Amino acid sequence: MMRNIFSWAAILAISLQLGGCLRDYGPVTTDSVPVPQTAVATRLQTGDELKIIVFGEDALSGVYDISPAGSIAMPLVGAIMAAGRTRGELEHALTQAYASGKFLQEPKITVSVVTFRPFYIFGEVTTPGKYAYTSGLDVLTAVATAGGFTYRATRDSVLIRHPGEEVWQQYSLAAPLAVQPGDLIRIPERYF
């Protein structure tokens, strides 16, 4: 009888210790399809910093931030929606705005991204935090940027929440996985 009570007490103690290790960051979806490398950073987002050149008009050219509302404030034409557009679409919208307002005749405008929105990495990495996005970034490079895995990190899967999504996506680390600007990357811990 006493042996049975000690057995149940030991099981209860181990269960409580393992239960204390559990962290819940919200819902997770598994078996997700990774974002293709060609689709990464093609659309502008809030927080991106743009260099806009209006040829022959130095007063209109400059560096502009995409506001939290998703727009940029341009001289003469006001706010232009930028978030969700490609660079080419924004160039066309700016050209139309300056031409239709009769401010410029046949404006020539180029848009380039100076800095993308940063990505965030946390969980079982040496130095969690906010890091600058660079073109061609994948998850393993992001982990290396954050100082590498801790000894408790799982090395077979990663959780990512892309901007605008509410649910974490679980991906395998067996294949290269592209990171998008603004991604939240969580490296889970392994238990054994």
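The structure displayed is predicted, hence computed values, not measured ones.
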[X], [Y]: one ILVMFWY side-chain cluster at the under-4.5 Å cut-off?
X      : Y      : answer
Val111 : Val114 : no
Phe103 : Ile53  : no
Leu173 : Ile121 : yes
Val63  : Ile109 : no

Steps toward side chain to side chain contact (heavy atoms under 4.5 Å, CB included) verdict (Val158, Val143): CA-CA 10 Å; Val158 64; Val143 168; over 6 Å; no
Quick one: does [X]'s side chain have a donor or acceptor within less than 3.5 Å of a partner on [Y]'s backbone?
X      : Y      : answer
Arg117 : Leu44  : no
Arg155 : Ala153 : yes
Thr134 : Leu137 : no

Do you know the tightest heavy-atom contact between [X] and [Y]?
X      : Y      : value
Tyr131 : Thr145 : CD2-CG2, 3.5 Å
Ala142 : Ile185 : CB-CD1, 4.1 Å
Asp138 : Pro176 : OD2-CB, 4.3 Å
Thr46  : Pro68  : CG2-O, 3.6 Å
Gln180 : Phe119 : O-CB, 4.3 Å
Arg85  : Ile80  : NH1-CG2, 4.0 Å

Find the distance between [atom1] ([X]) and [atom2] ([Y]) and round it off to the nearest 0.5 Å.
X      : Y      : atom1 : atom2 : result
Asp65  : Glu49  : CG    : CD    : 5.0 Å
Gln169 : Arg161 : CD    : CZ    : 11.0 Å
Glu124 : Thr150 : CD    : OG1   : 3.5 Å
Thr110 : Leu94  : OG1   : CG    : 10.0 Å
Leu90  : Ile72  : CG    : CD1   : 4.5 Å
Glu89  : Glu91  : CD    : CD    : 10.5 Å

Side chains of [X] and [Y]: does their closest heavy-atom pair fall under 4.5 Å?
X      : Y      : answer
Gln170 : Pro188 : no
Phe149 : Leu140 : yes
Glu189 : Thr154 : no
Leu50  : Ser112 : no

Does one side chain, of Ser61 or Asp58, offer a donor that lies under 3.5 Å from an acceptor on the other? no
For the pair Leu60 and Leu104, evaluate side chain to side chain contact (heavy atoms under 4.5 Å, CB included) and give the outcome as yes or no after the intermediate values. CA-CA 11 Å; Leu60 302 177; Leu104 300 173; 3.9 Å; yes
Side chain to side chain contact (heavy atoms under 4.5 Å, CB included) evaluation trace for Tyr98 with Glu57: CA-CA 12 Å; Tyr98 280 112; Glu57 299 293 333; over 6 Å; no
